[in-house]
2 protein chains.
Amino acid sequence: MQKETTIYDIADKLGISATTVSRGLNNNPRINKNTREKIHKTAEEMGYQHNTLASNLRKRQTKTIGILLHEVNSNFVTSVLAGIEKVVTKEHYDILITHSAESGEREIANATNLLNKRVDGIIVSLAMSTKNIDHFTPYFERKIPIVFFDRVMNDADCTKIIINNFSCGYNATKHLIEQGCKKIAHITADLTRNVYNDRFLGYKKALKDHQLTYKKDLIKICSLDKAATIEATRELLIQKPDAFFVTNDFAAAVCIEVIHEHGLRVPEDIAVIGFNNDTLGDLITPKLSTVDYPGILMGEVAATELMKKIKLKNSNKKFADQTMTIPSELVIRESSLKSQKKKS
Amino acid sequence: MQKETTIYDIADKLGISATTVSRGLNNNPRINKNTREKIHKTAEEMGYQHNTLASNLRKRQTKTIGILLHEVNSNFVTSVLAGIEKVVTKEHYDILITHSAESGEREIANATNLLNKRVDGIIVSLAMSTKNIDHFTPYFERKIPIVFFDRVMNDADCTKIIINNFSCGYNATKHLIEQGCKKIAHITADLTRNVYNDRFLGYKKALKDHQLTYKKDLIKICSLDKAATIEATRELLIQKPDAFFVTNDFAAAVCIEVIHEHGLRVPEDIAVIGFNNDTLGDLITPKLSTVDYPGILMGEVAATELMKKIKLKNSNKKFADQTMTIPSELVIRESSLKSQKKKS
DNA sequence: CTGAAAGCGCTAACAT
DNA sequence: ATGTTAGCGCTTTCAG
């Protein structure tokens, strides 16, 4: 960094004090309108650029919120981000996006990094391999507001924005059962993550409520990337299931592809339902049934809660942590409609 | 922010100077190993957290690079990000991601914001509505390194990492012609953006080289979102084209859907080729032919160039701007294979 | 190997 | 309405 124009340079040039320049630049109403305009004009002329670092250091406030994401490549996450931004920019806060690429280690590093950068609060979705939330202890100790969304720790005592994964899993499975399916396979990911576990529990409960026996052989846990999903589907196909409940849309699409390769039809031979309502869902053939998961809304709610917490903290008030559940719903398209197809 | 432990607190507790603490924390080899260990231990005990703000202010260096993205929701952008991170973390640099949501105005705001945060360099992909790069003048003036990638300004004199969009457009079109297509429609976006314009020019050249006349009626420029693409496809279908060259894979998938809705077959009646090699390409039916666009590599190259520029700047050396072209290639799957299908 | 002093650029108290 | 002074927390001379 070469020599930058500072407020002192402007002050010197104008024969006034740096304080006045600072106030003028921040449009403090105490400063005479004329002076203010002069300051802005001179700053412009001298190519002055505000130094956020110095300002934040002095103010002991960064007006920045950190975001810890497990990944950024999904439609869902992008929507959440959009929702957060919408709320946060309105309050003139910046955001600092980090992502862990599903690695717990990177999540820890990101948490420390954001703390060192003195963010005013964080919004987080846990990585796949995160085992506990000890790395957020420094935040709790300092009472720096945190809001968890989607991928949360079920037992932890903090603000959470989630959907009801249990009932989503239940309803998706129930829907398949109502289509006449009796042998429903389930492809999911690491069950230590709440979202997957809850859906799985919903799946099991639905089976039970409909007098179907749960079989471990019909469950595959994998990373949900293409290769893993192909393998999982192939192995499950050996069990001759008549339906698949897949925990995300991308994997569901891959699953359908593999089913087709085996010369089977979807949904006639095997019904498939995904999760997330990604854009790809109605681009594939047959169009994918899925569970709609309102990312934008989740982002908005998470950000709104965080802003509330930050404000209350700034005025030394208490804030009651709460868990908020966002509505979600089944989106039935073609891939699961076995009964209709049979009729026709 | 409440009172944080500082290096002074540690110094007091240990009866040494803050300077030594600072050095110890930074593992400066001049400090006695014993002292160093004591410092680390005490820091840990006292819950010390390094203040990046203060440190950066003092060092006048943030070890942070800014990234200006047009959007974050594409596979391509995510890959670029991964490529950048790979290179940059190795050098212990942080990244600050911003995105303009294709708005030139937001791009300007982000550029200023990153400058105020004193990033050491930036990597940028221009927003759709950006008309010029005047907002980067402050960077040029301060010789803060910039690398543009993908969406660049063709005439500007700066480091650019691109693919040869012209020849990609040419080859995609040529491929369609070789499949026997004679009336090739083209769906693309704002032609002020180099990537779209160059592909378009390649398309035109390929037609000319193969004695096909260019018809304006076969071109539709739209935002490439779902609704716009549906409309564009419908309107183009009136011209009875026998092929579509669509400038991204998502839009190509939508295009295929619309073609199917019109009772036409892909590729038998109409061949389709996309662009980007998104993951959805081989999940749809028929599998999409496309142009592979190596995002990770592009990110790596962009970041490597930027790091070079930053280092040369720090040692006051000159750096010659250059344009680097990343290889790209046609990926032929099913959606464009008209001739084979006819035979069978 | 360690320390004293200064200063990065800004803003908040406390004047006036 | 404006100025003086001090300090946010760190690192970097310079000195020993």
Side-chain angles (χ1 to χ4, degrees), chain A residues 1-40 42-43 46-64 113 115-120 142 314, chain B residues 1-40 42-43 46-64 113 115-120 142 314:
Chain A
M1 253 177 247
Q2 72 202 80
K3 186 70 192 128
E4 285 277 344
T5 312
T6 71
I7 51 171
Y8 285 94
D9 300 327
I10 300 175
D12 285 351
K13 187 144 189 175
L14 253 35
I16 56 180
S17 81
T19 309
T20 306
V21 176
S22 173
R23 290 194 181 116
L25 255 13
N26 291 311
N27 292 315
N28 185 319
R30 291 199 311 195
I31 301 295
N32 185 321
K33 210 178 166 194
N34 276 331
T35 337
R36 221 155 64 193
E37 277 164 13
K38 224 180 341 179
I39 292 170
H40 277 291
T42 317
M46 298 178 75
Y48 171 78
Q49 291 288 346
H50 182 77
N51 188 321
T52 314
L53 257 38
S55 169
N56 286 347
L57 175 62
R58 178 60 236 240
K59 290 196 292 192
R60 317 172 101 241
Q61 231 231 65
T62 55
K63 281 250 185 189
T64 299
N113 196 231
L115 183 62
N116 289 350
K117 292 208 168 137
R118 300 297 188 266
V119 292
D120 295 341
R142 288 165 178 76
N314 287 346
Chain B
M1 256 180 247
Q2 71 202 81
K3 185 71 193 131
E4 285 278 344
T5 312
T6 71
I7 51 171
Y8 285 93
D9 300 326
I10 301 175
D12 284 352
K13 186 145 190 173
L14 254 33
I16 56 178
S17 80
T19 309
T20 306
V21 176
S22 172
R23 290 196 181 114
L25 255 14
N26 291 311
N27 291 314
N28 186 319
R30 291 198 309 193
I31 302 294
N32 185 322
K33 211 179 167 195
N34 277 332
T35 334
R36 220 154 65 190
E37 277 164 14
K38 227 181 338 182
I39 292 169
H40 278 291
T42 318
M46 299 179 74
Y48 171 77
Q49 292 288 347
H50 181 77
N51 188 320
T52 312
L53 257 39
S55 170
N56 286 346
L57 176 61
R58 178 58 236 239
K59 289 196 293 192
R60 318 172 99 240
Q61 232 231 69
T62 55
K63 280 248 184 193
T64 300
N113 196 231
L115 184 62
N116 289 349
K117 292 208 168 133
R118 300 297 188 264
V119 293
D120 295 342
R142 287 164 179 77
N314 288 346

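Chain A is the first sequence line, chain B the second, and so forth, proteins listed ahead of strands; every chain is numbered from 1. Since the structure is predicted, the reported quantities are computational estimates derived from the model, not experimental observations.
Looking only at side-chain heavy atoms (C-beta outward), A:Ile39 and A:Glu37 stay at 4.5 Å or farther from each other. For the pair B:Lys38 and B:Ile16, the minimum side-chain heavy-atom distance is 4.5 Å or more. Annotation: side chain of B:Arg36 is in contact with side chain of B:Asn27 (closest heavy-atom distance under 4.5 Å).
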Scan nucleotides 1-5 of chain D against the protein and return all N/O pairs shorter than 3.5 Å with their distances rounded to 0.1 Å.
residue : atom : partner : partner atom : Å
D:dA1   : O5'  : A:Arg30 : O            : 3.2
D:dT2   : OP1  : A:Thr35 : OG1          : 3.1
D:dT2   : OP2  : A:Asn32 : N            : 2.9
D:dT2   : OP2  : A:Thr35 : OG1          : 3.2
D:dG3   : OP2  : A:Ser17 : N            : 2.9
D:dG3   : OP2  : A:Ser17 : OG           : 3.2
D:dG3   : OP2  : A:Thr20 : OG1          : 2.6
D:dG3   : N7   : A:Arg23 : NH1          : 3.4
D:dG3   : O6   : A:Arg23 : NH1          : 3.4
D:dG3   : O6   : A:Arg23 : NH2          : 2.7
D:dT4   : O4   : A:Thr19 : OG1          : 2.9

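Across all non-hydrogen atoms, the minimal contact from A:Leu57 to B:Ala54 is CD1-CB, 3.8 Å. The two residues A:Asn56 and A:Gln61 come nearest to each other via the heavy atoms OD1-O, 3.2 Å.
Straight-line distance from the NE2 atom of A:His50 to the C1' atom of C:dG9: 9 Å, rounded to whole Å. In this entry the distance linking CD of A:Gln61 with P of C:dT11 reads 12 Å, nearest Å. Note: CG (B:Leu25) to C1' (D:dG9) measures 12 Å, nearest angstrom. Rounded to a whole Å, the CD1 atom of B:Ile39 is 12 Å from the P atom of D:dT11. Residue A:Asn27 contributes atom CG, which lies 12 Å from atom P of C:dT11 at whole-angstrom precision. A:Leu57 places its CG atom 11 Å from the P atom of C:dT11, with the value rounded to the nearest Å. Distance, B:Ile10 CD1 to D:dC10 C1': 12 Å, rounded to whole Å. Regarding A:Ile7, its CD1 atom lies at a distance of 12 Å from the C1' atom of C:dC8, rounded to whole Å.
The pair A:Arg60-B:Glu4 does not meet the salt-bridge criterion, since no charged nitrogen lies less than 4.0 angstrom from a carboxylate oxygen.
A donor-acceptor pair under 3.5 Å is absent between the side-chain atoms of A:Asn26 and the main chain of A:Asn28, judged by distance alone.
The 12-atom threshold is exceeded at NZ of B:Lys63, counting heavy atoms of other residues, nucleotides or ligands nearer than 6.0 Å.
Phosphate contact (OP1/OP2 of D:dG9, side-chain N/O of B:Ser55, threshold under 4.0 Å): absent. For A:Arg60, a side-chain nitrogen or oxygen approaches OP1 or OP2 of D:dG9 to under 4.0 Å. The side chain of A:Asn26 contributes an N or O atom lying less than 4.0 Å from OP1 or OP2 of C:dT11. Residue A:Arg118 has no polar side-chain atom (N or O) positioned under 4.0 Å from OP1 or OP2 of D:dC8.
Listed by chain and residue number, B:Asp9, B:Ile10, B:Met46, B:Tyr48 satisfy the side chain to side chain contact (heavy atoms under 4.5 Å, CB included) test with B:Thr5 (two or more places apart in sequence, or in another chain).
Taking the C1' atoms of five terminal pairs at each end of the helix from C:dC1-D:dG16 to C:dT16-D:dA1, the two resulting helix axes are inclined by 30°, rounded to 10°.
Along DNA chain C, the nucleotide closest to A:Thr52 and the one closest to B:Arg58 are compared, and the more 5′ of them pairs with B:Arg58.
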